[in-house]
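Quantities reported herein were computed from a predicted structural model and do not represent experimental measurements. When a ligand or atom number is given, it counts from 1 through the structure's own listing order.
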Amino acid sequence: MASNSTLNVPSFSFLLLLFLAATLLSGIIPTTSSKELPIREATVLDLQLAFKIAWDTNLKENIATKDKLNNTADSFALHGSVVPRDSGFAKRLRKSGAVILGKASLSEWCYSRTLNAPNGWNARVGQGKTDGSILCPSEVNSVVGIKPTVGLTCRAGVVPISPRQDTVGPIRRTLIDAAYVLEAVAGIDARDKETIEVSQYIPRGGYSQYLKIDGLRGKRLGLLGAAVEFFLGNDTFRKETFKKHLRTLV
Ligand SMILES: *[C@@H]1O[C@H](CO)[C@@H](O)[C@H](O)[C@H]1NC(C)=O
Ligand SMILES: *[C@@H]1O[C@H](CO)[C@@H](O)[C@H](O)[C@H]1NC(C)=O
């Protein structure tokens, strides 16, 4: 398993972000005594502003947080475990304004306990939604995952599998979101020595400066036709959807 930790953004948390944006921007904080919550649709500007104020996220359950959430890697062996501190990853997320809403389940011990269990299964909650890496769930959910170079993000406080391969990265709805999250979480952390050397490769001014609306203009894209056949096989719906997106790109 190349990467053992991911950050998930289910659509419900996106809706919550919309809701947060709408309420923050209308200046009304809902209270329990409100009979009706003041909800209006947020504009893109609202969302950008809300992103600056606070953003919501979901961590995978193998990433430690010192709060009321469980830290079990979805194994009963770690049930009730108390961690000494937030993981380096969670610490940076909170510092950048993230509100950690919950944790996503995973293949028990990131699928390192046995290869005979169904993908995404664990004894604690049963069948979950994702495998233990960044790229697979991103591909399956048609969202953006960034698998950082090992050491770009801190692994301290994340259940380890392989120090040479473990890496923690974002899964977000858009590339812009993913770039901002990467910017927030990349950097030196004394608890993960690998981050010291790798930090020299972090661009001054962060990653978001490279976001360009026409960034793909003039680029050549290669597509392995046989791989599309292999992975999508007889699934004509997915194949058609894939081709449609490809036409959008070119
Ligand atoms: C923590 O795990 C226990 C046992 O699986 C569960 O009952 C409880 O709801 C979990 N707590 C949170 C905050 O998810
Ligand atoms: C596609 O369908 C053919 C004919 O039914 C079948 O032999 C083949 O195994 C299927 N391929 C995949 C990837 O499901």
Does any donor atom in the side chain of K103 or T65 lie under 3.5 Å from an acceptor atom in the other side chain? yes

Is it the case that T72 and R124 place a side-chain donor and acceptor less than 3.5 Å from each other? yes

Any sub-3.5 Å donor-acceptor pair from D86's side-chain atoms to K66's backbone N or O? yes

Side-chain donor or acceptor of Q200 paired with backbone N/O of E197 under 3.5 Å: yes

Please check atom 11 (N) of ligand 1 for a protein heavy-atom neighbour under 4.0 Å. yes

Quick one: does atom 2 (O) of ligand 1 have a protein heavy atom under 4.0 Å from it? yes

Where on R124 is there a heavy atom closer than 4.0 Å to ligand 1, on the side chain, on the backbone, on both, or on neither? side chain

Nearest neighbour in protein (non-hydrogen) for atom 4 (C) of ligand 1: H79 NE2, 3.1 Å

Nearest protein heavy atom with distance in Å, relative to atom 13 (C) of ligand 1: K68 O, 3.6 Å

Begin with the C-alpha distance, continue with both residues' side-chain angles, and end with the deciding distance and a verdict on side-chain contact (heavy atoms from CB on, under 4.5 Å) for N71 and E61. CA-CA 6 Å; N71 297 283; E61 185 143 338; 5.8 Å; no

At the 4.0 Å heavy-atom cut-off, does K103 count as touching ligand 1? no

If Ile, Leu, Val, Met, Phe, Trp and Tyr residues are connected whenever their side-chain heavy atoms lie under 4.5 Å apart, and connections chain through other members, are L246 and L232 in the same group? yes

May I ask you to check whether N70 has an N/O atom sitting below 3.5 Å from an N/O atom of ligand 1? yes

